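Chain letters run A, B, ... following the sequence lines, proteins first, then strands; residues in each count from 1. Note: hydrogens, waters and symmetry copies are ignored here, and every other heavy atom, side chains too, is used. On a predicted model such as this, the values are computed, not experimentally measured, just so you know.
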There are 2 protein chains.
Amino acid sequence: MLVNSSARRAAMRKPKAPAANRARILRAAIAEFAARGYEGASMDAIAARTRTTRALINYYFGAKTSLYRAVLEHVYGEIREAEARLDLEHLPPREAIRRIVEFTFDYYLAHEYFVRIVVAENQARGRHLRRSRAMRSLNRPIIDRIARVLARGVAEGVFRPGLDPVEVHKAIAALGMFNVTNQYTFGAIFQRDMGARGDVARRRDTVADIVLSYLTHRPEEETRDVRSASS
Amino acid sequence: MLVNSSARRAAMRKPKAPAANRARILRAAIAEFAARGYEGASMDAIAARTRTTRALINYYFGAKTSLYRAVLEHVYGEIREAEARLDLEHLPPREAIRRIVEFTFDYYLAHEYFVRIVVAENQARGRHLRRSRAMRSLNRPIIDRIARVLARGVAEGVFRPGLDPVEVHKAIAALGMFNVTNQYTFGAIFQRDMGARGDVARRRDTVADIVLSYLTHRPEEETRDVRSASS
DNA sequence: CGTCGATTTGACGGATACGTTAAATTGATT
DNA sequence: AATCAATTTAACGTATCCGTCAAATCGACG
């Protein structure tokens with residue numbers, strides 16, 4: 001059977017497996033774009049990662065630009081899907097926020113390629129994102145989820161009123177991403193291992209503390225108007 | 001004299017101005033590396049921005065790598081210098097922190113090229129930073145400044161004890177940078193203008209609120225152990 | 001005025017990048 | 001087994017990119 005197998009392998013060196021090849025190419029493209037950015041990424045390098053040729057990539061995805069757009073849509077789709085499984089409604093508001101923060105922090109850490117592609121797209125000034133029709137409707141749900149938790153918290157008197165869910169999401173994303181995006185400069189300069197081997201739990205708790213401190217209602221303090229000043 | 005001047009200009013089409021050329025090249029390199037990252041940046045493009053040739057750049061700075069290293073050291077030197085002028089000692093702790101946050105936020109916004117180069121260096125996994133001898137000692141002062149303010153605040157009872165100045169700096173940097181680094185993806189997806197034309201004052205205040213909420217001492221709450229759990 | 005060293009340029013060579021096209025391979029169908 | 005369409009490859013052409021080197025330019029100084 002081993003002989004047979006090796007004979008088959010010789011004959012079928014290129015079994016036609018369009019779906020598998022397409023997926024393989026996408027994975028390779030994600031890795032390459034994440035590692036070197038849009039301009040730094042090389043179609044040859046992607047082809048090398050797949051054991052196929054550059055021409056085949058073109059056959060499936062068209063030119064570099066549209067391959068990259070496919071990557072963009074794929075990785076954003078993945079995180080949206082993961083967020084959809086969060087299941088926050090049965091948690092008290094503070095726990096729900098902590099859950100979101102921890103999920104986000106861990107997701108970024110475990111899917112560094114996602115973060116790096118977001119960075120790459122920003123380096124490209126959002127050029128490709130703008131041209132992707134699919135991206136527009138893609139990321140509203142997380143804001144709605146946060147808004148519902150905030151509303152519950154305000155109703156229960158544990159969160160301060162007037163909070164903007166987009167701004168809260170921004171803070172969570174910013175604090176979580178920084179640990180990944182800036183691990184090399186910040187980590188090197190301040191001697192902190194900010195990768196998965198550093199003290200992850202402690203950094204994650206810090207982020208949750210920061211966010212929850214901000215949301216917490218403190219009746220004794222002067223209330224700061226967080227909405228835009230309308231004179 | 002004007003005739004003389006124009007005659008001179010014709011004759012001196014290439015006046016030898018080593019210092020000026022060196023500076024011009026550095027500025028052009030900063031712009032190009034900031035715009036397209038290390039791998040995306042092209043020596044030809046840098047040369048084009050300077051009205052000189054690629055060979056001259058090599059004459060002054062050596063190869064692309066060492067030019068980039070010079071850029072890195074220069075932009076980090078600039079922000080360190082600006083931070084040194086902060087003058088926090090005569091401000092009460094909360095005001096001092098607010099001052100740091102606002103300075104940082106504004107600096108990132110006004111010197112987008114700095115942020116973009118930090119991003120680029122992280123995309124390169126800190127490869128060049130590691131090879132720069134000058135970078136090691138360069139960024140300690142900001143931590144000391146924050147530490148002193150925190151100590152004063154704890155002594156006065158307005159800040160909670162056990163705070164890690166590096167973690168505080170990290171939060172300030174993360175929240176400030178995000179508004180620049182992610183303006184294209186975040187801004188596009190959530191319809192926020194996060195550039196200098198958005199509601200800058202409001203976003204800056206939000207960051208200051210977040211940081212100050214975190215630092216504030218709240219005696220009635222259960223104290224959370226922020227140091228690593230020993231045992 | 002002529003020489004010298006510092007500065008600047010034009011041109012070359014080798015490497016890599018990207019997309020296309022014509023041909024080859026293969027699984028399925030008749 | 002012959003054919004067909006989908007899949008895959010090899011090779012080509014053009015463009016760009018980077019570092020070097022020999023030669024040209026220029027300011028200063030004797």
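- Partners of A:F103 according to the ring-ring contact (aromatic ring centres under 6.0 Å, His included) rule, which considers only residues two or more places apart in sequence or in another chain, are A:Y107.
- For the pair B:R51 CZ and C:dT8 P, the computed distance is 16 Å after rounding to whole Å.
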Any protein N or O atoms within reach of nucleotides 14-20 of chain C? Criterion: under 3.5 Å, listing atom names and distances.
from, atom 1, to, atom 2, distance (Å)
C:dA17, OP1, A:S42, OG, 3.2
C:dA17, OP2, A:D44, OD2, 3.3
C:dC18, OP1, A:A41, O, 3.2
C:dC18, OP1, A:M43, N, 3.4
C:dC18, OP1, A:K64, NZ, 3.1
C:dC18, OP2, A:M43, N, 2.7
C:dC18, N4, A:R54, NH2, 3.4
C:dG19, OP1, A:K64, N, 3.3
C:dG19, N7, A:R54, NE, 3.3
C:dG19, N7, A:R54, NH2, 3.0
C:dG19, O6, A:R54, NH2, 2.1

N/O donor to acceptor pairs below 3.5 angstrom from side-chain atoms of residues 66-73 of chain A, sequence neighbours left out:
from, atom 1, to, atom 2, distance (Å)
A:S66, OG, A:F61, O, 2.4
A:S66, OG, A:A63, O, 3.2
A:Y68, OH, A:E121, N, 3.3
A:Y68, OH, A:E121, OE1, 3.1
A:E73, OE2, A:S132, OG, 2.5

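- For the pair A:T53 and D:dT8, the criterion of a side-chain N or O lying under 4.0 Å from OP1 or OP2 is not met.
- Rounded to whole angstrom, the span from the CD1 atom of A:I57 across to the P atom of D:dT7 amounts to 16 Å.
- Among the atoms of the strands shown, base atoms are found under 4.0 Å from some heavy atom of A:Y59.
- Rounded to whole angstrom, the span from the CG atom of A:L56 across to the P atom of D:dA6 amounts to 15 Å.
- Candidate nucleotides D:dT7, D:dT9, C:dT7 were compared by shortest atom distance to the side chain of A:Y60, and D:dT7 ranks first.
- Checked against side chain to side chain donor-acceptor pair (under 3.5 Å), B:R125 has the following partners two or more places apart in sequence or in another chain: A:Y184.
- No donor-acceptor pair closer than 3.5 Å links the side chain of B:E39 to the backbone N or O of A:A41.
- Residues satisfying the side chain to side chain donor-acceptor pair (under 3.5 Å) test with A:Q183, not counting sequence neighbours, are A:E112.
- For B:K170, the side chain to side chain donor-acceptor pair (under 3.5 Å) criterion is met by A:N179, B:E167, not counting sequence neighbours.
- Checking the phosphate oxygens (OP1, OP2) of D:dT7, no side-chain nitrogen or oxygen of A:N21 falls inside 4.0 Å.
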